[in-house]
Amino acid sequence: MVDRRTLQRPKGTRDFLPDVMAVRRHIERAWAAASIRHGYDEIDGPTFEHLDLYTIKSGDGIVSELFSFTRAGGDDKYAMRPEFTPTLARMAAAQGRSLSVPTKWFAMPTLFRAERPQRGRLREHNQWNVDCIGLEGPEADAEVIAVAVTALRLLGLTEADVRVRISHRGAAAAMLSSLGVHDDAMADAFALVDRREKLPPDVFREQAKATGLSDEAVDSLNALGGMRMPATEPPSAIAAALELPESSVAALTALAEALDQRGLLPFCDWDLGIVRGLAYYTGTVWEIHDIAGDERAIAGGGRYDQLVSLFGGPDMPACGFGMGDVVLGLLLQDKGLLCEDMVSLPRPDVFLVSSGSEAAEARLTPLATQLRDGGLHVRHTHKATRNVGKQLREASAHRARNVVILGDELTSGEVVLKSLDSGDQRTVPLGDLLVTLGRGSD
RNA sequence: GCGACCGUAGCUCAGUUGGUUAGAGCACCUGGUUGUGGUCCAGGAUGUCGCGGGUUCGAGUCCCGUCGGUCGCCCCA
């Protein structure tokens with residue numbers, strides 16, 4: 001007897017039954033379409049890599065959160081990929097100087113992490129990655145944001161549903177410096193800003209002071225972290241609110257221009273509370289959230305100019321983002337954007353019904369084959385019943401567009417063609433069927 | 001790794017201070033209708049009450065353990 005547990009889905013994984021699979025393809029179509037229309041080419045890599053590839057960028061701490069393994073009888077350590085960026089960086093670095101500028105790639109990898117699942121985070125998920133390598137400056141940052149927003153709009157989301165929260169590490173550092181944060185405390189300050197919303201105010205203050213900041217500096221840190229306003233406001237307004245020179249937000253001002261040219265400002269907020277994993281972002285950092293901020297980030301990205309060189313390649317600037325399917329799926333579900341009209345399984349063009357006569361039975365499979373060879377989506381019952389009513393019911397359940405009834409009319413070489421949407425039906429010669437159906441007959 | 005809550009039919013759930021034979025809706029199957037679907041009506045099948053132990057005359061109900069799920073914390077690539 002097989003152990004009961006063996007037959008259960010592993011923790012944090014999903015079974016994609018047809019209706020769920022249709023949602024997955026619906027999302028992937030939007031991702032691919034948005035990428036392609038902005039000039040990005042699809043890539044993929046192995047689903048597992050050398051374990052050490054993942055410690056280059058993230059350190060040894062990450063190992064406990066990976067699914068890792070060795071080959072039976074082997075010593076090499078591997079890990080299921082928890083993110084795509086190391087693979088991408090490895091691939092880019094391997095091209096070296098021959099990498100064209102810019103290199104614009106996207107991928108839709110399945111990723112794995114050995115954590116306890118919770119809302120919006122599973123052990124196995126699909127994540128869209130978009131990266132632009134070789135371009136400096138705000139144009140590339142704005143472009144990848146445009147790719148992300150395009151996909152969300154294709155899925156039916158608007159600026160009333162989602163917001164792109166944008167910050168810039170250089171600008172934030174300049175501002176913190178002006179506010180009295182010393183360079184050697186900068187990393188701690190960023191970490192505090194990142195956690196600010198999760199911490200009670202008094203705990204935040206206590207931890208901030210522990211890094212050696214004055215009361216005034218803590219106030220400034222708090223003010224900076226809480227600074228959020230629509231991107232339709234100029235970044236200079238942030239500087240003014242914090243009593244800082246306009247030059248400190250120069251990077252955001254340049255980005256604003258690039259976003260405006262793409263019509264993105266209505267989707268965006270300036271939000272200096274956005275930090276994102278301290279490790280490797282070097283400039284613009286941004287996240288996309290549902291407007292209420294109830295869910296985890298839908299997407300996160302930014303600029304990481306050291307990435308390619310970190311993985312042994314030439315010095316090349318780069319920016320990009322990742323967007324997971326789990327949080328996005330939850331949001332689409334909540335917004336009613338996954339109803340049958342928008343996401344549906346392919347509809348059969350025709351459902352063949354046999355009345356059960358000898359002639360009809362003999363004709364059924366050859367006709368199905370002929371229509372399928374003609375490119376049509378054809379189904380028929382696999383049950384024993386030849387009750388026409390039952391077969392029509394099954395055709396409806398499969399959401400077939402048309403039914404063809406093989407019955408007494410066969411004696412004159414004809415069949416009944418019925419539209420299940422309108423209910424209309426007529427008699428047509430067998431020989432005309434493919435042409436009639438192929439025209440998208442109703 | 002830590003914490004909270006939840007496990008009853010395929011699905012969503014009800015089940016009274018512990019009490020006899022565990023229920024409903026949806027879905028499914030059959031018939032009304034042997035050549036016309038979606039609606040309707042009638043009927044039918046369906047359970048290791050997650051699993052193991054304990055308390056009790058008696059446990060779906062209480063206790064302990066365990067497995068699973070959900071949601072947080074840590075972490076977040």
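Residue numbers start from 1 in every chain, and the chains themselves are labelled A, B, ... in the order their sequence lines are given, proteins ahead of strands. The figures that follow rest on heavy atoms only: side chains count, while hydrogens, waters and symmetry mates do not.
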side-chain N/O [X] vs [N] OP1/OP2, d < 4.0 Å:
{"X": "A/Arg119", "N": "B/G72", "answer": "no"}
{"X": "A/Lys11", "N": "B/U70", "answer": "no"}
{"X": "A/Arg393", "N": "B/G38", "answer": "yes"}
{"X": "A/Gln118", "N": "B/G72", "answer": "yes"}

Pi-cation contact, A/Tyr54 with A/Arg81 (under 6.0 Å, within 45°):
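Because its charged atom misses either the 6.0 Å distance or the 45° angle limit, A/Arg81 does not stack over A/Tyr54.
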
Interatomic distance where [atom1] belongs to [X] and [atom2] belongs to [N] [whole Å]:
{"X": "A/Glu115", "N": "B/C74", "atom1": "CD", "atom2": "P", "answer": "12 Å"}
{"X": "A/Lys390", "N": "B/U36", "atom1": "NZ", "atom2": "P", "answer": "12 Å"}
{"X": "A/Leu17", "N": "B/C11", "atom1": "CG", "atom2": "C1'", "answer": "12 Å"}
{"X": "A/Asp15", "N": "B/G69", "atom1": "CG", "atom2": "P", "answer": "12 Å"}
{"X": "A/Asp424", "N": "B/U36", "atom1": "CG", "atom2": "P", "answer": "17 Å"}
{"X": "A/Arg113", "N": "B/C75", "atom1": "CZ", "atom2": "P", "answer": "15 Å"}

Do A/Tyr304 and A/Asp131 pair up side chain to side chain, a donor and an acceptor below 3.5 Å, judged on atom types alone?
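There is such a pair (donor and acceptor under 3.5 Å, judged by atom type) between the side chains of A/Tyr304 and A/Asp131.
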
Distance-only side-chain donor-acceptor flag, A/His289 / A/Glu287, under 3.5 Å:
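Their side chains do contain a donor-acceptor pair, which is all the 3.5 Å distance test asks for.
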
Of the options B/G35, B/G72, B/C74, whose atoms approach the side-chain atoms of A/Val416 most closely?
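Shortest atom-to-atom distance from the side chain points to B/G35.
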
Shortest side-chain distance from A/Lys418, nucleotide among B/C76, B/U36, B/A77:
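Nucleotide nearest to A/Lys418's side chain: B/U36.
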
What about [X], does its side chain sit under 3.5 Å from the base of [N] through a donor-acceptor pair?
{"X": "A/Gln425", "N": "B/U36", "value": "yes"}
{"X": "A/Glu409", "N": "B/G35", "value": "yes"}
{"X": "A/Arg121", "N": "B/C76", "value": "yes"}
{"X": "A/Ser396", "N": "B/G38", "value": "no"}

Give none if B/G37 has no partner; otherwise give the nucleotide forming a Watson-Crick or G-U wobble pair with it, both distances under 3.5 Å.
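Its partner is none (no Watson-Crick or G-U wobble pair with both distances under 3.5 Å).
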
Check every strand shown and say whether [X] touches a base, only sugar-phosphate, or nothing at a heavy-atom separation below 4.0 Å.
{"X": "A/Glu394", "result": "nothing"}
{"X": "A/Gly356", "result": "nothing"}
{"X": "A/Gln127", "result": "nothing"}

For this output row, return yes or no: ring centroids of A/Phe48 and A/Tyr78 closer than 6.0 angstrom.
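Between A/Tyr78 and A/Phe48, which both carry aromatic rings, the centre distance is below 6.0 Å.
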
